[in-house]
Amino acid sequence: MRKKVILITGASGEIGQALVKSLVSQIAMPIITLDIAPLPEGIHSQVIALQGDIMDKALLSRLVSEYEVDTIYHLAALLSTRSEFTPEAAHHVNVEGTLGLLNLAAEQSEWRSEPVKFIFPSSIAAYGLPDLDTKASYARVREWEWNNPRTMYGCNKLYCEQLGIYFSKYYRQLAAERPEMLDFRCLRFPGLISAFTVPSGGTSDYGPEMLHNAAQEKPYACFVREDVRIPFMVMPDAVKSLLMLTNAPRSSVAHCVYNVTSFSLSASEFRDWVLKFFPKAVITFEPDIKRQEIVDSWPADLDDSAARRNWNWQPDYDVQRSFAEYLVPNIRNMYQAK
Ligand code: AKB
């Protein structure tokens, strides 16, 4: 018999590291991580860590020959700024990588006659508002509005959401017998902020970069205008939402794709929060027009009422608690220890 496992791709990334730490303390099922980058020392010993490419078919076949995959957290992706520099590579990793894992999950669901849960993080990048007036008038965007992304990453996420829905509802719809289909659940995240890791390759990175630079007493030039506004959430709430959605009974998951968020800040409000705790921080604004345009197309805030209604989502950290209780104490400790 194969051993039941949870598979986490992209486990060395920001969400992955936080998710692994949380999962190992909560569940007994073994966790297999798969990432092209090595897993940080601290968590390496708590999981079965595979270093490799999600596109490596032989590696995935070996994996399923040995283990019964129960749940997949497919976190591996190239983020928005990086994807603009290498759109084809982004498509390869973000779309073809996801398709490969959806195929694996579909096959496994049939083998064990039980749906594999496929948990997929999407993003505010799946939205694209055409101009600042529209952005101002659609303050809290709902899941079905403005699905017109202007980045390769946003297009990839939106399409993979649709692929996930296809695999969970219509896969092999012309076959004589309806197959056991996977259970696809997806969250659209705002900009995420971790106290322990710094993002790379994203366009919402200016928030965490401001804070982490301030804590290291390094000056920081923010690459967007002061007035630009997007939603944010801290990493413990991102992990909480992933686990809540995973564990929600199927009957309460009325949709495949849900917005989740916590607070919305303009870049100057973000700077003011940083200055409250690091009053000597030197933060200036030197907008990069092109990256700015990407952030301008993202919603100022998300409407996450469907998640709240269907599976009781609510964040633990509002902006005050995020800075005062999670971000600042942990960031201070981390850089003091270095
Ligand atoms: C990015 O900036 O690309 C990501 C995102 C908003 O999904 N942080």
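Remember, it's 1-based here, ligands and their atoms both numbered in the order they're listed.
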With no hydrogens and no angle check, do the side chains of [X] and [Y] hold a donor and an acceptor under 3.5 Å apart?
X	Y	answer
His212	Tyr220	no
Tyr159	Thr98	no
Asp316	Tyr326	no
Asn259	Tyr127	yes

Could you tell me, for ligand 1, which of its N or O atoms are under 3.5 Å from any protein N or O, listing the pairs and their distances rounded to 0.1 Å?
{"residue": "ligand 1", "atom": "2 (O)", "partner": "Ser80", "partner atom": "OG", "Å": "3.3"}
{"residue": "ligand 1", "atom": "2 (O)", "partner": "Thr203", "partner atom": "N", "Å": "2.6"}
{"residue": "ligand 1", "atom": "2 (O)", "partner": "Ser204", "partner atom": "N", "Å": "2.9"}
{"residue": "ligand 1", "atom": "2 (O)", "partner": "Ser204", "partner atom": "OG", "Å": "3.3"}
{"residue": "ligand 1", "atom": "3 (O)", "partner": "Ser80", "partner atom": "N", "Å": "3.0"}
{"residue": "ligand 1", "atom": "3 (O)", "partner": "Ser80", "partner atom": "OG", "Å": "2.5"}
{"residue": "ligand 1", "atom": "7 (O)", "partner": "Ser123", "partner atom": "OG", "Å": "2.6"}
{"residue": "ligand 1", "atom": "7 (O)", "partner": "Tyr153", "partner atom": "OH", "Å": "2.9"}
{"residue": "ligand 1", "atom": "8 (N)", "partner": "Ser204", "partner atom": "OG", "Å": "2.9"}

(request) For a side-chain hydrogen bond (donor to acceptor under 3.5 Å, both in side chains) with Arg291, tell me which candidate from Thr203, Asp296, Thr81 qualifies. (result)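 For Arg291, the side-chain hydrogen bond (donor to acceptor under 3.5 Å, both in side chains) test succeeds with only one of Thr203, Asp296, Thr81, which is Thr81.
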(request) Determine, using the 4.5 Å side-chain heavy-atom cutoff (strictly less than), whether Val198 and Val234 are members of one ILVMFWY cluster. (result) yes
